[in-house]
Amino acid sequence: MTRAFTLPSDELAYFIGYTLLHADRVVLVSPWLSDVELRFPVNDQTSSRELLLSDAITELGDTDVTFLINGNEDHNDYIKNRVEQHAGIVDVRDLHAKAVITDDWVYAGSANITRRGLLINRELCKIVENDHNDIDTYVHEELGITL
């Protein structure tokens, strides 16, 4: 049986920070993407417990991060330019899905990884076990995208 729990979107910044800190590989799916401030648990791997997404990607260089974003959105250019040296970027023209995917867990919800998505809008968010047990299989089976 799949385990799941809900998460208010204003806690998504912490979940992403926790995930970047503890997972070997993460895929962040968001048609619109901003350099949002993430929160981290107490740790000795980041310079602060609050970091911009781009700074976290740089500091946590051992974490393999891939972004799936809507390449048609000029809004995404700023963050793309800040993270492209440290993360993979996949432009998906018809992307509408929002997710944070690891081999073990998947956040699936309505929140884009933007200030509005994390702090202002009322969003629905669930975290479930990754029944595929693998990021690549999940992305291929659920989104029809081959990484």
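For the single chain, residues carry numbers from 1 onward in sequence order.
- Using cut-offs of 30° and 60° on the angle between ring planes, the pair Tyr138 and His132 is perpendicular.
- Other residues, nucleotides and ligands contribute more than 12 heavy atoms inside 6.0 Å of the CG atom of Asp77.
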Working for side-chain contact (heavy atoms from CB on, under 4.5 Å), residues Val128 and Trp105: CA-CA 6 Å; Val128 298; Trp105 298 96; 5.8 Å; no
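- Of all heavy-atom pairs between Arg49 and Pro41, the closest is NE-C, 3.6 Å.
- For the pair Asp91/Asn70, no side-chain contact is recorded, criterion being any heavy-atom separation below 4.5 Å from C-beta on.
- The distance from the NE2 atom of His75 to the OG atom of Ser34 is 3.0 Å, given to the nearest 0.5 Å.
- The backbone N or O of Ile120 lies less than 3.5 Å from no partner atom in the side chain of Arg115, so there is not a single donor-acceptor pair.
- In this structure the side chain of Leu38 never reaches within 4.5 angstrom of the side chain of Glu50, judged on heavy atoms.
- One N or O on the side chain of Thr114 and one on the backbone of Gly117 form a donor-acceptor pair closer than 3.5 Å.
- Of the options Thr66, Asp134, Asp103, Asp136, a side chain to side chain donor-acceptor pair (under 3.5 Å) to Arg25 is made by Asp136 and by none of the others.
- Linking Ile, Leu, Val, Met, Phe, Trp and Tyr whenever their side-chain heavy atoms come within less than 4.5 Å leaves Tyr78 and Leu95 in two separate clusters.
- Taking a cutoff of 4.0 Å between a charged side-chain nitrogen and a carboxylate oxygen, Glu123 and Lys98 do not qualify as a salt bridge.
- Here the CD-CD1 distance, from Glu84 to Ile89, works out to 7.0 Å after rounding to the nearest 0.5 Å.
- Side-chain contact, Thr102 with His22: no donor N or O sits under 3.5 Å from an acceptor N or O.
- A donor-acceptor pair under 3.5 Å is absent between the side-chain atoms of Asn112 and the main chain of Ser30, judged by distance alone.
- A donor-acceptor pair shorter than 3.5 Å cannot be found between the side chains of Glu59 and Thr46.
- Residues Cys125 and Glu11 fail the side-chain proximity criterion, which asks for heavy atoms closer than 4.5 Å.
- Within a 6.0 Å sphere centred on OH of Tyr14, heavy atoms belonging to other residues, nucleotides or ligands number more than 12.
- Enclosure of atom CG in Leu124 is not indicated, since only 12 or fewer non-hydrogen atoms of other residues, nucleotides or ligands lie within 6.0 angstrom.
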Leu53/Phe67 under side-chain contact (heavy atoms from CB on, under 4.5 Å): CA gap, chis, key distance, verdict: CA-CA 12 Å; Leu53 175 59; Phe67 292 96; 3.9 Å; yes
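- Counting heavy atoms of neighbouring residues, nucleotides and ligands inside a 6.0 Å radius, atom CG of Asn81 exceeds 12 of them.
- Connection of Trp32 to Ile57 is not established within any shared hydrophobic cluster, with ILVMFWY side chains joined at heavy-atom distances below 4.5 Å, either directly or through further cluster members.
- Grouping the Ile, Leu, Val, Met, Phe, Trp and Tyr side chains by contacts below 4.5 angstrom, directly or via other members, places Leu143 with Ile135.
- Side-chain atoms of Thr58 come within 3.5 Å of backbone N or O of Ser54 as a donor-acceptor pair.
- Taking 4.5 Å as the limit, every side-chain heavy atom of His140 sits out of range of all side-chain heavy atoms of Ile145.
- The hydrophobic cluster containing Leu21 also contains Ile113, counting ILVMFWY residues as joined when their side-chain heavy atoms lie under 4.5 angstrom apart, directly or transitively.
- Formation of a donor-acceptor pair under 3.5 Å by the Asn76 side chain with backbone atoms of Asp74 is not found in this model.
- Looking at residues two or more places apart in sequence or on another chain, you find a salt bridge (charged side-chain N to carboxylate O under 4.0 Å, His left out) between Asp35 and Arg82.
- A distance of 7.5 Å separates CG in Leu33 from CG in Leu28, rounded to the nearest 0.5 Å.
- No chain of hydrophobic side-chain contacts below 4.5 Å, direct or via other Ile, Leu, Val, Met, Phe, Trp or Tyr residues, connects Leu118 to Tyr18.
- Within the 4.5 Å cutoff, the side chain of Val65 has heavy atoms near those of the Leu20 side chain.
- The closest side-chain heavy-atom distance from Glu37 to Leu51 is not below 4.5 Å.
- Contact check for Val27 versus Leu68: side-chain heavy atoms found under the 4.5 Å cut-off.
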Trace of the side-chain contact (heavy atoms from CB on, under 4.5 Å) decision for Asp104 with Glu129: CA-CA 6 Å; Asp104 299 318; Glu129 289 180 310; over 6 Å; no
Candidate pair Val29 and Ile101, rule side-chain contact (heavy atoms from CB on, under 4.5 Å), full reasoning: CA-CA 8 Å; Val29 182; Ile101 307 164; 3.9 Å; yes
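- A 4.5 Å side-chain heavy-atom check between Val26 and Asp64 finds every atom pair outside the cut-off.
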